[in-house]
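Below is one structure, written out as structure tokens; comments come after it.
Order of the sequence lines sets the chain letters (A, B, ...), proteins ahead of strands, with each chain counted from 1. Every value quoted in this text rests on a predicted model; they were computed, and no experiment measured them.
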2 protein chains.
Amino acid sequence: MANLSDEIEKYLNELINEYQGKIKIKRNKLADEFDCAPSQINYVLNTRFTSEKGYIVESRRGGSGFIRIIKISIESTDDLLRKLLVRVDQPLSKREAEGIIDRLYDNKIINDREKKLMETVFHKKSLNVDRTLRDYLRGNLMKSMLEVILKSELD
Amino acid sequence: MANLSDEIEKYLNELINEYQGKIKIKRNKLADEFDCAPSQINYVLNTRFTSEKGYIVESRRGGSGFIRIIKISIESTDDLLRKLLVRVDQPLSKREAEGIIDRLYDNKIINDREKKLMETVFHKKSLNVDRTLRDYLRGNLMKSMLEVILKSELD
DNA sequence: ATAATTAAAGGTCAATAATAGTCAAACCTG
DNA sequence: CAGGTTTGACTATTATTGACCTTTAATTAT
């Protein structure tokens, strides 16, 4: 039972695949197509097309305005993992952690089962402590797990 | 003379049987059907659909929220996994966690990479908090991860 | 030609809606 | 009375929207 946000995400991802990873859209036009408020588009972009997941979103206001979505292709698994390792050396929100896992999965660095194992580690249910500590632990855990994956890639 | 909780339990079990061990429900909708408070559903889930009794309960809050109940049928699961799941609902030391992981690996339930991913999660370096909290978190994390593995075995 | 106004575009943010979870108090039963 | 059951008040989370803001381009007025 997909909701509106999921449908818009799906549509945009299909577009991105069709156009080799880079698209340009009009916010109001897309909102018309899905019969929703224009700010719904912003919501989808801000929650589904994040840098953690490997996207760049550019935009321009005013006449001739547009929104461009670029899916970042990676040079190598090794390269991505090293970049992520630099990035996660700090507290992580659940959303950020999940975005990183999505990216790993999308690039076939981890498989389905590994994805699920990782996701569960970052869930609030597993880390049932206060918010600040949880985010801090997420940073630690992600770093540790990325190191394991990097090492296994080197083997 | 069955009480409300028993009736809800019965209803859910019939649903579970009808749908081959896995259902997705809406808390508020179910509460409406039984004319009870929504938190009554939580009570039933927390007392009748526990891991000890062979269930996994997942949920998501917010728009599009849901509750999913998965029954671990006896025939389709590994006995070791089930036993472990019941046992880990408590604080775990590093040694205990590692022992569990070793058993999973020795029984070929997890592979080398999964083993290493799991091990790193329970390492002191990842869970850099005081001892009591660490052991508590290890219990949570192990339970969560075992559930993932169990679910993947069911698929 | 320049300035002002209007149109066309995307962005922000709080309010609202829709969902599930927690917890203590009240109630019920044996 | 103890333990189990039910509930209501409140918290937490995710999704959607409308009012308003900001920016750029086009059009109109001077």
Side-chain angles (χ1 to χ4, degrees), chain A residues 1-12 23-50 55-70 93-99 102 119 122-135 138, chain B residues 1-12 23-50 52-53 55-70 140 144:
Chain A
M1 180 55 207
N3 60 33
L4 186 57
S5 293
D6 289 342
E7 290 186 24
I8 294 171
E9 178 187 5
K10 186 172 175 241
Y11 172 77
L12 289 177
I23 60 170
K24 197 168 175 185
I25 60 172
K26 295 276 193 177
R27 188 182 82 146
N28 290 348
K29 191 176 164 220
L30 190 58
D32 283 346
E33 285 174 29
F34 282 92
D35 196 29
C36 64
S39 52
Q40 177 68 17
I41 306 302
N42 291 86
Y43 176 79
V44 172
L45 294 176
N46 288 336
T47 56
R48 313 299 165 87
F49 295 88
T50 61
Y55 294 94
I56 295 176
V57 178
E58 300 167 337
S59 64
R60 172 180 154 141
R61 297 182 181 190
S64 299
F66 61 84
I67 294 170
R68 183 185 288 126
I69 309 174
I70 303 160
S93 69
K94 179 173 180 261
R95 176 155 284 168
E96 287 168 326
E98 282 179 345
D102 278 342
E119 276 170 346
F122 298 101
H123 202 276
K124 181 179 166 182
K125 194 172 149 191
S126 305
L127 300 174
N128 192 13
V129 294
D130 81 71
R131 172 74 171 279
T132 305
L133 181 55
R134 195 187 303 131
D135 286 357
R138 284 198 188 108
Chain B
M1 176 55 200
N3 60 30
L4 188 56
S5 293
D6 290 340
E7 290 189 23
I8 294 170
E9 178 188 5
K10 184 166 176 256
Y11 172 76
L12 288 176
I23 61 170
K24 197 169 177 183
I25 60 171
K26 296 274 193 177
R27 189 184 79 147
N28 290 350
K29 192 178 163 216
L30 190 57
D32 283 345
E33 286 175 27
F34 281 91
D35 197 28
C36 64
S39 52
Q40 177 68 14
I41 307 302
N42 292 85
Y43 177 78
V44 172
L45 293 175
N46 289 335
T47 55
R48 313 295 212 267
F49 295 87
T50 60
E52 286 84 0
K53 297 186 181 196
Y55 295 94
I56 296 175
V57 178
E58 300 166 339
S59 64
R60 170 181 154 145
R61 297 181 183 191
S64 296
F66 62 83
I67 295 171
R68 184 185 288 127
I69 308 174
I70 301 159
N140 278 350
S144 296

Quiz item: Where each residue is assigned the nucleotide of DNA chain D containing its nearest heavy atom, which of A:Asp35 and A:Gly62 is assigned the position nearer the 5′ end?
Solution: A:Asp35
Quiz item: When you match B:Gly63 and B:Gln40 each to their closest nucleotide on DNA chain D, which lands nearer the 5' end?
Solution: B:Gln40
Quiz item: Does A:Lys29 pair with A:Asp32 as a salt bridge, N-O distance under 4.0 Å?
Solution: no
Quiz item: With a 4.0 Å cut-off on heavy atoms, is B:Arg68 in touch with a base, just the backbone sugar-phosphate, or nothing at all?
Solution: nothing
Practice problem: Select base, sugar-phosphate, or nothing to describe what A:Ile41 touches, counting heavy atoms under 4.0 Å on all strands. | Solution: nothing
Quiz item: Looking at C:dG21, does its base get a donor-acceptor pair with the side chain of B:Ser39 below 3.5 Å?
Solution: no
Quiz item: Under the 3.5 Å rule, do the base of D:dT22 and the side chain of A:Arg61 count as making a donor-acceptor pair?
Solution: yes
Quiz item: Under 4.0 Å between a side-chain N or O of A:Lys94 and OP1 or OP2 of D:dT13?
Solution: no
Practice problem: Respond yes when some side-chain nitrogen or oxygen of B:Lys24 is under 4.0 Å from OP1 or OP2 of C:dT19, and no when none is. | Solution: no
Separation of [N] [atom2] from [X] [atom1] (nearest whole Å):
X	N	atom1	atom2	value
A:Lys29	C:dA9	NZ	C1'	14 Å
A:Ile67	D:dT22	CD1	C1'	14 Å
B:Leu30	C:dT19	CG	C1'	14 Å
A:Arg131	D:dT13	CZ	C1'	11 Å
A:Asp32	C:dG10	CG	C1'	14 Å
A:Tyr43	C:dT16	OH	P	18 Å
A:Arg48	D:dT16	CZ	C1'	12 Å
A:Lys26	D:dT24	NZ	P	14 Å

When you measure from the side chain of [X], which nucleotide among [options] comes out closest?
X	options	value
A:Arg27	C:dT22, D:dT17, C:dT12	C:dT12
A:Ala37	D:dT7, D:dA25, D:dT17	D:dT17
B:Arg60	D:dA15, C:dA20, C:dG10	D:dA15
B:Asn28	C:dT19, D:dT24, C:dG10	C:dT19
B:Asn42	D:dT6, C:dG21, D:dA15	C:dG21
B:Ser5	C:dG21, D:dA15, D:dT5	D:dT5
A:Ser59	D:dT16, D:dT24, C:dG11	C:dG11

Exercise. Would you indicate whether A:Arg68, at its atom CZ, is surrounded by more than 12 heavy atoms from other residues, nucleotides or ligands within a distance under 6.0 Å?
Key: yes
Quiz item: For A:Asp35, does the CG atom have more than 12 heavy-atom neighbours from other residues, nucleotides or ligands under 6.0 Å away?
Solution: no
Exercise. For B:Asn140 and A:Ser126, work out which heavy atoms get closest and say how close.
Key: CB-O, 3.2 Å
Practice problem: Please examine the side chains of A:Arg131 and A:Arg134, heavy atoms only from C-beta on, and report whether any two atoms are closer than 4.5 Å. | Solution: yes
Practice problem: Report yes or no: does A:Ser39 contribute a side-chain atom to a donor-acceptor pair with the main-chain N or O of A:Asn42 at less than 3.5 Å? | Solution: no
